[in-house]
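Below is one structure, written out as structure tokens; the observations come after it.
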Amino acid sequence: GSFKITQKNKWHRSNLYGDYVDAAGNVVVANIDVTKDPKPPGTSFAGSKMTHFMRFTGGVGMHEGFLPGYPASHGCVRMPAEMAETFFHNVEVGTPVQVKP
């Protein structure tokens, strides 16, 4: 589809996916979805890092992320760190984005 960059956030974190952590920041339950996974008592939510986030529609954007070699995102376009940083520094809000399979 055809989109435009609507937001840039260098230190963005997910508000849906991440880990439940204890008061010391230790992971108690990893890789959770806050809409499905109940929070254990005494824990808090730590959203997954989405460094160099460039939103282009709804909750979807491009950002630095792990590339496991198979489809594994919840819709975002993950990139190696160097690529995400380069894109981030070279786009502005309004920059056109085309996503192709």
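For the numbers below, each heavy atom of this structure counts, side chains included, while hydrogens, waters and symmetry mates do not. All of these numbers come straight from a predicted model, not from anything done at the bench.
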Report summary line: Members sharing Ile5's hydrophobic cluster, built from side-chain contacts under 4.5 Å between Ile, Leu, Val, Met, Phe, Trp and Tyr, are Phe3, Met54, Phe56, Val60, Met62, Val77, Met79, Met83, Phe87, Phe88, Val91, Val97, Val99

Report summary line: Apart from Met50 itself, members of its ILVMFWY cluster (side-chain separation under 4.5 Å) are Phe53

Requested in this report: List, by chain and then residue number, the residues other than Val28 in its hydrophobic cluster (Ile/Leu/Val/Met/Phe/Trp/Tyr, side-chain heavy atoms under 4.5 Å); write none if there are no others.
Outcome: Leu16, Tyr17, Tyr20, Val29, Ile32, Val34, Phe45

Query - Residue list, side chain to side chain donor-acceptor pair (under 3.5 Å) with Asp37, at least two apart or on another chain - result: none

Requested in this report: Specify the closest pair of heavy atoms between Ser73 and Cys76, including all atoms of both residues, with the distance to one decimal.
Outcome: OG-O, 2.9 Å

Requested in this report: For Arg78 and Gly65, indicate whether the former's side chain and the latter's backbone hold a donor-acceptor pair under 3.5 Å.
Outcome: no

Query raised in the report: Any sub-3.5 Å donor-acceptor pair from Thr43's side-chain atoms to Lys39's backbone N or O?
Result: no

Requested in this report: Would you confirm whether Asn26, through its side chain, and Asp22, through its main-chain N or O, come within 3.5 Å as a donor-acceptor pair?
Outcome: no

Report task. Could you note down all residue pairs passing side chain to side chain donor-acceptor pair (under 3.5 Å) where residues 46-58 supplies at least one of them, sequence neighbours left out? Result -> Gln7-Arg55

Query raised in the report: If we only count heavy atoms from C-beta on, is the Lys100 to Gln98 side-chain gap below 4.5 Å?
Result: yes

Query raised in the report: Which hydrophobic side chains are connected to Val27, either touching it within the sub-4.5 Å cutoff or through other members that do?
Result: Val21

Report summary line: d(Glu85 CD, Asn90 CG) to nearest 0.5 Å is 10.0 Å

